[in-house]
Number of protein chains: 2
Amino acid sequence: MAQAQILSRNQQIVLDIIEKAKGPLKAYSILFNVQKKGINAPQQIYRALDKLIEMGKIHKIESKNAFVACRSSDCEISKATAFSICESCEMVDEISDTKLSKYLSSFNHKKGMKFKRFNLEFFGLCKKCK
Amino acid sequence: MAQAQILSRNQQIVLDIIEKAKGPLKAYSILFNVQKKGINAPQQIYRALDKLIEMGKIHKIESKNAFVACRSSDCEISKATAFSICESCEMVDEISDTKLSKYLSSFNHKKGMKFKRFNLEFFGLCKKCK
DNA sequence: ATAATAAATGTTATATTATAACACTGTGTT
DNA sequence: AACACAGTGTTATAATATAACATTTATTAT
């Protein structure tokens, strides 16, 4: 069993903000939110974000340049991510569907590529906005 | 049957560069490549890119902020995109796999979201780099 | 305990990616 | 002609991300 990760000060501050948020947060919006805690520069945010991603605590939504907390049961290093994104309200929801994950993890590209990781982003209208 | 799209001058210039390229191109690298043709400003590139994406002529690789020509048989508006990306040589390959596409297009999110479009990016090592 | 190593921090500067805003041009209506 | 519309050119600026370097803190080995 993997040992619980110990986070550094800045990593914890950044993770707290992202976990409290209702939706994806952008790096600079995180920065503005933590300036009262003594974090002043983008670098500090991006470094924390990088580590948190490595740890699988958060994910980056590539199409939005924004970051969300990982909600899947165990937060190991994430090799398989999928999200549904509402194009109206911008809501992002992590999809944890075992079948989907298995299907994609075992997907074999004709050209003989061996995959380590994938990221899938679905776009549409959520239940509310529909 | 959809009529062949007529491209504007700038759209054609940008598409030509992207089609000639071996891999994904970034907006500013396109810009530097077309300055001899009288295109001077990022806006002109981004406007062309936006239209070309709308037309399905090119795709954006979100994780790289780069653009590739669509290689799939018919270049209609693209609602279902998938790519394999080599983490070593940065090669990007469009995956056109009917089964995969059908599987994902019919994927139904529990939370009742209706999808219009998806983008999938696989990461790993290509045959050469393996 | 201490030296050595690795990880994280703080800071300034700068690179890269992308959009806003406005004036203008060409083309096709009606 | 008057109008609408898509595309263009241009200047300025916003938003996202990294480089580089000095310092501090934590971890490990001896």
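Just so it is clear: chains get the letters A, B, ... in the order the sequence lines come, proteins before strands, and each one is counted from 1.
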Length of the [atom1]-[atom2] vector between [X] and [N], whole Å:
X: B/Ile30; N: C/dT16; atom1: CD1; atom2: C1'; value: 14 Å
X: A/Ile39; N: C/dA8; atom1: CD1; atom2: P; value: 14 Å
X: A/Glu62; N: C/dT17; atom1: CD; atom2: C1'; value: 14 Å
X: B/Lys37; N: D/dT8; atom1: NZ; atom2: P; value: 14 Å
X: B/Ile61; N: C/dT17; atom1: CD1; atom2: P; value: 14 Å
X: B/Asp50; N: C/dA20; atom1: CG; atom2: P; value: 11 Å
X: B/Lys64; N: D/dA17; atom1: NZ; atom2: P; value: 15 Å
X: B/Ile6; N: C/dG26; atom1: CD1; atom2: P; value: 19 Å

Please confirm whether the shortest side-chain N or O distance from [X] to OP1 or OP2 of [N] is below 4.0 Å.
X: B/Asn40; N: D/dT10; answer: yes
X: A/Ser8; N: C/dA7; answer: no
X: A/Asn65; N: D/dA17; answer: yes
X: A/Gln44; N: C/dA8; answer: no
X: B/Lys60; N: C/dA18; answer: yes
X: B/Asn10; N: D/dG9; answer: yes
X: B/Tyr46; N: C/dA18; answer: yes

Quiz item: How do A/Lys51 and A/Pro42 order along DNA chain C: which one's closest nucleotide is nearer the 5' end?
Solution: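 Mapping each residue to its closest nucleotide by heavy atoms, the 5'-most match is A/Lys51.
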Quiz item: Relative to the 5' end of DNA chain C, which residue comes earlier, A/Arg9 or B/Lys26, by the nucleotide with the nearest heavy atom?
Solution: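 Upstream on the strand: A/Arg9.
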Exercise. Assess the side chains of B/Asn40 and B/Gln44: does a donor N or O sit below 3.5 Å from an acceptor N or O?
Key: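 Distance-only check fails for B/Asn40 and B/Gln44.
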Quiz item: Do we see a donor-acceptor contact under 3.5 Å between the side chains of B/Asn119 and B/Glu121?
Solution: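 Indeed, the side chains of B/Asn119 and B/Glu121 share at least one donor-acceptor pair under 3.5 Å.
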Measure distances between side-chain N and O atoms of [X] and base N and O atoms of [N], and say whether any donor-acceptor pair falls under 3.5 Å.
X: A/Arg47; N: C/dG10; result: yes
X: B/Gln43; N: C/dA20; result: yes
X: B/Tyr28; N: C/dA18; result: yes

Exercise. Tell me, with the steps shown, if A/Lys64 and B/Glu62 meet salt bridge (Lys or Arg N to Asp or Glu O under 4.0 Å).
Key: CA-CA 9 Å; A/Lys64 298 170 81 73; B/Glu62 295 287 357; over 6 Å; no
Exercise. Could you check whether the rings of B/Phe107 and B/Phe115 sit parallel, tilted or perpendicular, using 30° and 60° as the cut-offs?
Key: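 B/Phe107 and B/Phe115: parallel rings.
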Self-check item: Pairwise side-chain contact, A/Phe67 with A/Leu49, heavy-atom cut-off 4.5 Å (strictly under)
Solution: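 SC-SC contact between A/Phe67 and A/Leu49 confirmed.
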